[in-house]
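Please read the structure below before turning to the comments.
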Amino acid sequence: MKTKSIVRAFVLSSVLSLPTLALAGEKIVGGERVVSLDDAPYMVSLQGSCGGSIISEKWVLTAAHCAGYFNEVTAGILNLKDAGTKVRVARVIKHPQYNRTTMAYDYALVELAEKLDLTSGTIRAVKLASPEFDRDGHQAPGMDSTVYGFGDIGERQYNSKGDLNKVTVPIVSNEEANRPGAYNGTIDNTMIAAGYAGGGKDSCQGDSGGPLVVFDQQNDPVQVGVVSWGEGCARANKYGIYSKVSTGYAWIRETTGL
Ligand code: ARG
């Protein structure tokens, strides 16, 4: 697909060094296939080029750097070949402070041309992490978070099966992510990091825009991040970087009227 190759050209040009091999059978990078829609009823694909999350019947949250590569949203699928529910895009609103050089404020809101039917329960909206949620310690360093996506299963390893995959990675403090061996001060408060210092598990190209969630006390998913960037995928000290939902929360609420 044309749009896909444009996104891929962009992301590959931002990858600096040699690819690493994904282990056979491991997905996203180092994760597993999602086997039930109950596990990710809020997940959408933006024509295979990016992921996104349903936040209301009319709105989807994705990454600003995904804008321009899609005009349709597919909900309710576990594989890119599944039909699911397709809805046309009315407009895409990037965060006004999005900076494509620093990747700060990498949030975009997708307004749908028609409402999604969220009454059956197979397709659902995800809760968003508020500043209070953050302050109360529900997305603190060391806590487990799970990221979902249809993207690559290793650096330059296309997810040819088209399955939705997921992987669980711990939240990492910005202080840790900013260490000289990691991202050396380039992580700001519009970003949240997740992964292992030793690497091995991560999101990857094609996962952008998709949700990073934590599970609250009621075991309900709460979205804390939007897949944004990383140096390569699953490399040691090169954590996955996500747009921090709690920082964008007020803008998301104002823009959507949620
Ligand atoms: N920018 C990528 C995309 O457009 C997402 C990269 C995420 N990388 C990572 N190492 N977590 O799909």
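One distance of note links OG of S228 with CE of M191; it measures 6.5 Å at 0.5 Å rounding. Distance CZ/R235 to CG/D202: 10.5 Å, rounded to 0.5 Å. Rounding to the nearest 0.5 Å gives a distance of 9.5 Å between OG1 of T186 and CD of E231. Rounded to the nearest 0.5 angstrom, C50 SG and H65 NE2 are separated by 5.0 Å. To the nearest 0.5 Å, atom NZ of residue K86 and atom CD of residue E114 are 13.5 Å apart. Rounded to the nearest 0.5 angstrom, H95 NE2 and Y105 OH are separated by 6.0 Å.
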Q: Would you sort out whether D207 and V147 count as a side chain to side chain contact (heavy atoms under 4.5 Å, CB included), showing the intermediate values?
A: CA-CA 9 Å; D207 291 324; V147 58; 5.6 Å; no

Q | CA sep, side-chain torsions, deciding dist, call: S49, Q47, side-chain hydrogen bond (donor to acceptor under 3.5 Å, both in side chains) | A | CA-CA 5 Å; S49 56; Q47 295 181 299; 6.0 Å; no

**Q.** Derivation and outcome, side chain to side chain contact (heavy atoms under 4.5 Å, CB included), residues V92 and F70
**A.** CA-CA 10 Å; V92 179; F70 62 92; 3.9 Å; yes

Q) Under the side chain to side chain contact (heavy atoms under 4.5 Å, CB included) criterion, do T74 and D82 qualify, and how do the steps go? A) CA-CA 9 Å; T74 307; D82 296 344; over 6 Å; no

Q) side chain to side chain contact (heavy atoms under 4.5 Å, CB included) between V35 and L78: does it pass, once the steps are laid out? A) CA-CA 7 Å; V35 293; L78 291 174; over 6 Å; no

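Taking all atoms of both residues into account, the shortest heavy-atom contact from K244 to N189 is CD-O, 3.6 Å. Residues D163 and R33 share a closest heavy-atom pair of OD2-CD, 3.1 Å. Q223 and V213 make their closest contact through CA-CG1, 4.0 Å (heavy atoms, listed as atom of the first residue, atom of the second, distance). Between V44 and S53, the shortest heavy-atom distance links the atoms CG2-N, 4.0 Å. The two atoms that bring D152 and V29 nearest to each other are O-CG2, 4.1 Å, heavy atoms only. The heavy-atom pair separating P170 from Y196 by the smallest distance is CD-CZ, 3.4 Å.
Judged by distance alone, with hydrogens and angles left aside, the side-chain atoms of E155 form a donor-acceptor pair with the main-chain N or O of C233 at under 3.5 Å. Remark: side-chain polar atoms of N178 are paired, donor with acceptor, to backbone N or O of N174 under 3.5 angstrom. Checking side-chain atoms of T85 against main-chain N and O of G76 turns up no donor-acceptor pair under 3.5 Å. The closest donor-acceptor contact from the side chain of D188 to the backbone of T190 lies under 3.5 Å. Proximity of a side-chain donor or acceptor of Y239 to a complementary backbone N or O of A193 within less than 3.5 Å is not detected. Of the possible polar contacts, none joining the N71 side chain to the V89 backbone as a donor-acceptor pair under 3.5 Å is found. A donor-acceptor pair is defined here as one N or O able to donate and one able to accept, closer than 3.5 Å; such a pair exists between the side chain of S145 and the backbone of V169. Remark: side-chain polar atoms of R124 are paired, donor with acceptor, to backbone N or O of G121 under 3.5 angstrom. A donor-acceptor pair is defined here as one N or O able to donate and one able to accept, closer than 3.5 Å; no such pair exists between the side chain of N159 and the backbone of I153.
Looking at Y242 and S203, their side chains do bring a donor and an acceptor atom within 3.5 Å of each other.
Taking the six-membered ring where tryptophan is involved, the planes of Y148 and Y42 are perpendicular, since the angle between them exceeds 60° and thus also 30°. Between Y183 and W229, the angle of the ring planes goes over 60°, which puts this pair in the perpendicular group of the 30/60° scheme.
L61 places a side-chain heavy atom less than 4.5 Å from the side chain of L109. Side-chain contact check for E32 versus K166: some heavy-atom pair is nearer than 4.5 Å. Here the side chains of K127 and D216 are in contact, with some heavy-atom distance below 4.5 Å. Residues I54 and L118 are in side-chain contact: their nearest non-hydrogen atoms beyond the backbone lie under 4.5 Å apart. For the pair Y249 and P131, the minimum side-chain heavy-atom distance is below 4.5 Å. Residues I171 and I192 have side chains in contact (heavy-atom distance under 4.5 Å, counting atoms from C-beta outward). L164 has its side chain out of reach of I77: every pair of non-hydrogen atoms, C-beta onward, lies at least 4.5 Å apart. Looking only at side-chain heavy atoms (C-beta outward), Y98 and M103 come within less than 4.5 Å of each other.
The number of heavy-atom neighbours closer than 6.0 Å to NZ of K58, taken from other residues, nucleotides and ligands shown, is above 12. With a 6.0 Å radius and a threshold of 12 heavy atoms from other residues, nucleotides or ligands, Q97 has its CD atom above the threshold.
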